[in-house]
Number of protein chains: 2
Amino acid sequence: MTKARTHVLEAVSSASEPLSARQLCDLFRDDHDQATIYRALHYLEGKGSVESFILHCDCHGTERYYVARAGAHRHWFHCERCHRFTDLGPCRFDDLIGNVSAEKRLAIRSHTFYATGLCGACQNSEVDATH
Amino acid sequence: MTKARTHVLEAVSSASEPLSARQLCDLFRDDHDQATIYRALHYLEGKGSVESFILHCDCHGTERYYVARAGAHRHWFHCERCHRFTDLGPCRFDDLIGNVSAEKRLAIRSHTFYATGLCGACQNSEVDATH
DNA sequence: TTCTATTTGCGAATCGTTCGCAAAAGATAC
DNA sequence: GTATCTTTTGCGAACGATTCGCAAATAGAA
């Protein structure tokens with residue numbers, strides 16, 4: 001593993017939320033070019049060390065977010081107000097996906113899920129706020 | 001409703017699969033500018049007439065796909081080989097989403113799900129194919 | 001029908017991401 | 001450790017999808 005790939009994997013693995021390519025580019029602004037970051041992410045995803053999903057939010061636009069692939073497949077919630085992610089825990093959709101793939105005769109290889117709305121903290125502050 | 005918006009809504013409503021902005025631009029190449037198509041889609045989505053999701057496929061890149069909002073929220077499967085969509089039917093995730101939002105104290109306002117893999121037809125042709 | 005607000009077409013700009021190429025860094029054999 | 005070959009990197013330019021700004025065209029209200 002090269003230095004760039006090691007740096008990117010460490011950053012994604014130690015993060016508590018999905019990180020966007022942009023965040024990683026910012027993080028390593030002085031050390032690596034953005035093309036290198038993108039290439040490292042592709043390499044790591046091909047190797048199975050990280051996985052990603054595309055999410056749009058008003059604040060950050062449409063970006064791909066990366067998480068380390070450790071243990072079970074997980075899904076995430078994204079708060080529309082504070083733009084932080086909440087871990088929804090290990091995937092609970094396996095049974096439903098098994099059912100639907102059998103019904104429709106599909107060989108489902110992967111799936112993407114995420115939820116958006118307001119996190120606990122932001123629900124409270126919305127109540128207070130007068131806007 | 002203006003002509004452009006009517007055309008776009010009719011196209012999305014009568015399609016049997018999600019349509020990308022690009023497909024709609026191609027379809028109305030002679031009648032409407034692409035900016036108009038995009039603006040019509042935003043308008044219709046804001047009004048609740050259509051909904052969309054972002055999906056990446058090797059063949060068509062990263063694009064937003066639009067479906068009419070008629071009846072229950074639905075999810076889609078996308079075949080990696082023929083790039084056609086299969087309707088997975090009405091959303092079956094409501095209970096699971098209700099559980100997880102209660103557990104994590106989240107106000108989930110929307111969710112996105114899609115699955116990818118091989119459709120029935122493409123599973124068969126993969127068996128035959130020698131590549 | 002006239003007036004006003006809204007929408008459209010056009011071209012250029014933007015954003016996230018990827019490319020091509022020459023230089024730098026790794027890996028391999030001696 | 002050095003020569004050699006392969007892979008990766010940095011840079012800048014290009015790319016595809018989408019959005020912008022503005023003047024002209026159209027829709028809707030009076």
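Just so we're clear, the structure is a prediction, and the values are computed from it rather than from any experiment. To find a chain, count down the sequence lines: A is the first, B the second, and so on, and within it residues start at 1.
- Residue-level contact check: B:Glu63 touches the backbone only, with heavy atoms under 4.0 Å from sugar-phosphate atoms and none from bases.
- Among the atoms of the strands shown, only primed sugar atoms or phosphate atoms (P, OP1, OP2) are found under 4.0 Å from some heavy atom of B:Ala4.
- Within 6.0 Å of the CZ atom in B:Arg69, the count of heavy atoms belonging to other residues, nucleotides or ligands does not exceed 12.
- B:Met1 comes within 4.0 angstrom of sugar-phosphate atoms only, judged by non-hydrogen atoms across all strands, and of no base.
- Residue B:Arg39 is classed as a base contact, given a heavy-atom separation below 4.0 Å to a base.
- Contact check on B:Glu17 versus B:Arg84 returns no salt bridge, with no Lys/Arg side-chain nitrogen under 4.0 Å from an Asp/Glu carboxylate oxygen.
- If B:His32 and B:His56 are placed on DNA chain C by their nearest nucleotide, the residue sitting closer to the 5' end is B:His32.
- Checked against the 6.0 Å centroid criterion, the rings of B:Tyr114 and B:His78 do not qualify as a close aromatic pair.
- Remark: B:Arg64 fails to qualify as a cation-pi partner of B:Phe53 under the 6.0 Å distance and 45° angle criteria applied to the six-membered ring.
- Taking atom CZ of residue B:Arg5 and atom P of nucleotide D:dA27, one finds them 11 Å apart after rounding to whole Å.
- The listed nucleotides are D:dT19, C:dT8, D:dA13; the one nearest the side chain of A:Gln34 is D:dA13.
- In this structure, A:Arg29 atom CZ and D:dC11 atom P are separated by 14 Å, rounded to whole Å.
- At the heavy-atom level, B:Arg22 lies under 4.0 Å from the strands shown only through sugar-phosphate atoms.
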